[in-house]
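Everything below concerns the one structure shown next.
Within every chain, numbering begins at 1; the chains are lettered A, B, ... in the order of the sequence lines, protein sequences first and strands thereafter.
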Amino acid sequence: MRVRQRFYLVDVLAGLALTARHFFGNMGRHLARALGRDVKGAITYQYPEERRPYAIRLRSLHRLVRREDGSPRCVACMMCETVCPAHCIYIVATEHPNPEIEKVPARFDIDLGKCVFCGYCVEACPEDAIRMDTGILEFSAYSRAAMIYTKDMLLALEAAGPDGRPTSPVPMPAGPRP
Amino acid sequence: VSTVADLGIAFGRVAFVMLFVLNVGGLLTWVERKQSAIMQDRIGANRAAIFGIRLMGLFHPLADALKMLAKEDFRPARADRFLFGLAPFVSVFFALVAFASIPFGDVLRLGGREIPLQAVTLNVGVLYVFAMLSLGVYGVMMAGWSSANNFALLGGQRAAALMISAEIAIGASIMGVIMVYGSLSLQDIVRAQGQLLAGWIPMWGIVTQPLAFVLFLTAGMAATKRIPFDTPEGESEIIGYFVEYSGMKFGMFAMADFLETVVIAGMTTALFLGGWQVPYLVADGFRLPGGWHLALPHLLVVLLQVGAFVVKVSAMIFLLMLIRWTLPRFRYDQAMRLGWLGLFPLSILNVVVTGLLLLAWRSS
């Protein structure tokens, strides 16, 4: 320990100068912002109202892509269910009315309580029928059962806008608070 | 009629100091949150709102008080009922009354009366503040003892040890100031700081007693029991004299720390920063060393002086907060070593050097 450090004072003053510089610098920026300048006095994002920008490749809540007639593009090939490391996808296949399309899912459930958001289902899909581009991160539920999203729920979701913000409403917890 | 007026004036003086200290102490919870946030590039608590009006988080102290009043007032089964309830009141009371003898202005002449701007005019004001600060530790010790909790007892014992080591340094560092200005009355000390050194330097305590200023500030911070001297609370060790307290009683201990911060800031202002003195402002207006003179009415002079006192106290509080949010905490043994082997010998040295210098100066 050097002599200078034993007396604390010099190092204390250096530390105070550092924090005071932050204080007055930020105060100046807050003031400039109040006067209309485009500077930020804090790195805080005021979350619900203000969101940090998401990366383009962010994997958010899944959605099922629709054909032009509104039916799922999915052909129930079971690729995603097979590749899923968390075993959170459950598909029941049925016949499609159009003979040119082999199958269609009667059920397509994703248990988001189990999903690990690895994105393997998106990569495995040969039909580009499942995507993780909704920009929705804040889905929640009061029970494990309510975390299972069904085919209709997933079909209703839209891709996020160009700014990364969700365009479809964030699914809110269904049912009464326990 | 005159006795009624006198009573009213006395009441007004006490009420001014009381409300000043209480309000500033309450506001300090907001200052603490906001100042620390801005120092750390954050925004700080701003969500408490009344009808959507947030006022930069100014409602948070109010929300805190409401929360603490609504919380359960828990008392451990084996705690000493009487002392457990009394302890927070003792803590807050002595922190609150300590400010009484700190002058916030010179004499106000109004309608043929001379009103000293000070809650209580005491000719031993320094000792009074010092004594009240010392008595405050009894609340802390009582809390630690009566909680029937080993950790609380350890916290109370630490508070007592810290208080004693800090207060010896406070007393010894004040001694130099008393020697220079030759009085124990805070008002006289502040008046004496209005003189000019070498014709142009205001003779503030920080100029004549720079070492005592540093020592007093350090020991004063220790007396407030806040970081870097938070060993009685010891948040990271979960030792603390108030571990068993909840609700408003806990809030009172927190409040006492803030009030002590205000008292230390007021004491530092009165002893070292010239109290209510504005440089070159005398009773009849500004008088610069070059002979330039600007006459001001009496009321304006008094107003300027009270304003200067408030500004100086605020600046000191800012500095104390800056220190609290910059430095890491001392370990218990480090705090003790700093008090007994650092502050105490240095303040004795300060007294000796001041005495020698005064002797040389007066005999020349």
inquiry  = Out of the candidates B/D257, B/T261, B/D230, only one should pair with B/T224 under the side chain to side chain contact (heavy atoms under 4.5 Å, CB included) rule; please name it.
reply    = B/T261
request  = Taking the six-membered ring for Trp and the single ring otherwise, decide whether the centroids of A/Y149 and A/H62 are under 6.0 Å apart.
outcome  = no
task = Report the distance from atom CD of B/Q157 to atom CG of B/L162, rounding to the nearest 0.5 Å.
result = 10.5 Å
note = ring-ring contact (aromatic ring centres under 6.0 Å, His included) filter on B/F59, not counting sequence neighbours, yields none
request  = Anything in residues 50-58 of chain A with a heavy-atom distance to chain B below 4.5 Å? Please list those residues in order.
outcome  = none
message = Checking A/D109 against A/K151 for the salt bridge (Lys or Arg N to Asp or Glu O under 4.0 Å) test, could you report, in this order, the C-alpha distance in whole Å, the side-chain angles of both residues, the deciding distance, and whether it holds?
response = CA-CA 6 Å; A/D109 300 344; A/K151 185 180 79 173; over 6 Å; no
ask   = So what's closer than 4.5 Å to chain A heavy atoms on B/I323: side chain, backbone, both or neither?
value = both
key: side-chain hydrogen bond (donor to acceptor under 3.5 Å, both in side chains): pairs with one or both residues in residues 97-106 of chain A, sequence neighbours excluded   = none
query = Regarding B/K312 and the six-membered ring of B/W204, is the cationic atom NZ or CZ under 6.0 Å from the ring centre and inside 45° of its axis?
reply = yes
key: Contact residues of residues 329-347 of chain B (partner chain A; heavy-atom separation under 4.5 angstrom)   = B/F330, B/L338
message = Centre-to-centre under 6.0 Å for B/F318 and A/F23, is that the case here?
response = yes
query = Contact part of A/L18 toward chain B, heavy-atom cut-off under 4.5 Å: side chain, backbone, both or neither?
reply = neither
ask   = Passes salt bridge (Lys or Arg N to Asp or Glu O under 4.0 Å), B/E235 versus B/K225? Steps please.
value = CA-CA 12 Å; B/E235 200 163 20; B/K225 306 187 291 294; over 6 Å; no
message = Between A/H30 (side chain only) and B/I43 (backbone N and O only), is there a donor and an acceptor less than 3.5 Å apart?
response = no
